[in-house]
Amino acid sequence: MKTLKGKVALITGGDRGIGRAIALKLAENGARIAIVGRDEKEIEKTSVEISDKKTRVLGIVSDITKESSAEEVFSYVEKELGSVDILINNAGIVKDNLAVTMSDTEWMDVINTNLNAQFYYARKALRNMVKKRYGKIVFITSVTGMTGNPGQANYSAAKAGLSGLTKTLAAEYAKKGITINCVAPGYTETDMSKRINSTKKKEILKTIPMGRIGQPEEIASLVAFLVSEEAAYITGQEIAVDGGFTCI
Ligand code: NDP
């Protein structure tokens, strides 16, 4: 069903992994899609896949941590596709280290990408959404923001920050027809999780009640529901998609 026909969806980090799966799913549901990333080749490849879903697609090369990124990206999308109805703040990085050896750069890079840029993109989206009295924002957080994880002080602090940001923004704009939620993936099969060595992977699998890794499409299904009208009364929530990881 083309439930998102006429809507414009912007997905950061939409060229790979979870973001790509979300972009494809929202395209299937009829939305016009803009994806943002830094890798021109991946953006081109994914844009072709999205256009196969018979919708319009805009692939944008932009580093979301650059001060001008949100302004430039939103005005380009507005000119080419119309103003953004749905923002999926998905782009993220890891730079793991134990806290005592973590460099300022490792800390700041992760905070800038996974928290600061997310706020700038959400703030920019909200300005138009408030005027239109319509909007859907989904932040992709992580179970690590809920539980903590040794070696990921920067990452878990940023993701927990997004959870607080979600609740605050949801309450601020609940009366303006805007819903804001976050989805917390557990261990999901993408380039990001491929970096984990096989011994560590085996250990992680033991902590997942379902005993398997998640697929990007399983995150995308929930995101598609949250931006649909069927989820109109859900706002300010963080929902884990993790095979039961956070329930034990
Ligand atoms: P990938 O590494 O596969 O993809 C990350 C995406 O973010 C890429 O599309 C990348 O685009 C984009 N990105 C990173 N930094 C920037 C930047 N500065 N500017 C623009 N785009 C950027 O990761 P996943 O798909 O696995 O992760 C997606 C989200 O899900 C992240 O927020 C991650 O924290 C979260 N997550 C992932 C889990 C997992 O197990 N995979 C578990 C829990 C949460 P490009 O390379 O083109 O710059």
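Order of appearance sets the numbers: ligands from 1, and atoms from 1 within every ligand. These numbers come from the heavy atoms of this one structure, side chains and all, not from hydrogens, waters or symmetry mates.
Atom 23 (O) of ligand 1 has its closest protein heavy atom at Met192 CB, 3.5 Å. For atom 14 (C) of ligand 1, the closest non-hydrogen atom on the protein side is Arg38 NH2, 3.3 Å. Of the protein's heavy atoms, Pro185 O, 3.2 Å lies nearest to atom 43 (C) of ligand 1. Shortest contact from atom 38 (C) of ligand 1 to any protein heavy atom: Gly186 O, 4.0 Å. For atom 40 (O) of ligand 1, the nearest non-hydrogen atom of the protein is Thr188 N, 2.8 Å. In this structure, atom 13 (N) of ligand 1 lies nearest to the protein heavy atom Ala91 CB, 3.7 Å. The closest protein non-hydrogen atom to atom 47 (O) of ligand 1 is Asp15 OD2, 2.6 Å. Of all protein heavy atoms, the one closest to atom 34 (O) of ligand 1 is Tyr155 OH, 2.5 Å.
Backbone and side-chain nitrogen or oxygen atoms of Gly13 are examined, and one is located within less than 3.5 angstrom of a nitrogen or oxygen of ligand 1. An N or O contact shorter than 3.5 Å is missing between Ser142 and ligand 1 by distance. At least one N or O atom of Arg16 sits closer than 3.5 Å to an N or O atom of ligand 1.
Of the heavy atoms in Ala184, none comes closer than 4.0 Å to ligand 1. At a heavy-atom cutoff of 4.0 Å, ligand 1 is contacted by the side chain of Lys159 but not by its backbone. Under 4.0 angstrom from ligand 1, the non-hydrogen atoms of Ile18 come from both its backbone and its side chain. At a 4.0 Å heavy-atom cut-off, ligand 1 does not touch Asn114 at all. Counting heavy atoms under 4.0 Å from ligand 1, residue Asp191 touches it through both backbone and side chain.
Of the listed residues (Glu238, Lys159, Gln118), just one forms a side-chain hydrogen bond (donor to acceptor under 3.5 Å, both in side chains) with Thr141, and that residue is Glu238. With Asp85 as reference, Lys132 is the one residue of Lys136, Lys132, Arg32 to meet the side-chain contact (heavy atoms from CB on, under 4.5 Å) rule.
Side-chain atoms of Asn181 come within 3.5 Å of backbone atoms of Gln237 as a donor-acceptor pair (strictly under, hydrogens ignored).
Contact of the Ile18 side chain with the Val223 side chain is not registered, since no non-hydrogen atoms from C-beta on lie closer than 4.5 Å. Ser47 has its side chain within reach of Ile35: a pair of non-hydrogen atoms, C-beta onward, lies under 4.5 Å apart. Side-chain contact between Ile208 and Asp242: absent, with no pair of heavy atoms (C-beta onward) separated by less than 4.5 Å. With a 4.5 Å cut-off on side-chain heavy atoms, Leu24 and Glu49 count as touching. Counting heavy atoms from C-beta outward, Leu126 and Ile180 have side chains that approach closer than 4.5 Å. Here the side chains of Val84 and Phe74 are in contact, with some heavy-atom distance below 4.5 Å.
Taking 4.0 Å as the cut-off, Thr141 counts as a neighbour of ligand 1 on heavy-atom distance. Under the 4.0 angstrom criterion for non-hydrogen atoms, Ser62 is in contact with ligand 1.
The contact set between ligand 1 and Gly92, taken as ligand atoms under 4.0 Å from a residue heavy atom, comprises 5 (C), 7 (O), 14 (C), 31 (C), 32 (O). Remark: ligand 1 atoms within the under-4.0 Å shell around heavy atoms of Tyr187 are 40 (O). Residue Thr113 approaches ligand 1 through these ligand atoms, each under 4.0 Å from one of its heavy atoms: 15 (N). Here is the list of ligand 1 atoms found below 4.0 Å of a heavy atom in Ile93: 14 (C), 15 (N).
Transitive grouping of hydrophobic side chains (ILVMFWY, heavy atoms separated by less than 4.5 Å) keeps Val241 and Met146 in distinct clusters. Note on Ile88: it does not cluster hydrophobically with Ile64, by side-chain heavy-atom contacts below 4.5 Å among ILVMFWY residues.
Among Ala23, Gly37, Gly17, the residue whose heavy atom lies closest to atom 21 (N) of ligand 1 is Gly37. Around atom 24 (P) of ligand 1, the closest heavy atom drawn from Thr190, Asp109, Ile196 belongs to Thr190. By heavy-atom distance, the residue among Asp63, Asn90, Ile140, Ile64 lying nearest atom 32 (O) of ligand 1 is Asn90.
Judged by the 6.0 Å and 45° rule, Lys7 forms a cation-pi pair with Tyr134.
Between Ile219 and Pro185 the shortest heavy-atom distance is CD1-CB, 3.6 Å.
Residue Lys201 places its NZ atom among more than 12 non-hydrogen atoms of other residues, nucleotides or ligands, all under 6.0 Å distant. Other residues, nucleotides and ligands contribute at most 12 non-hydrogen atoms within 6.0 Å of the CD atom of Glu40.
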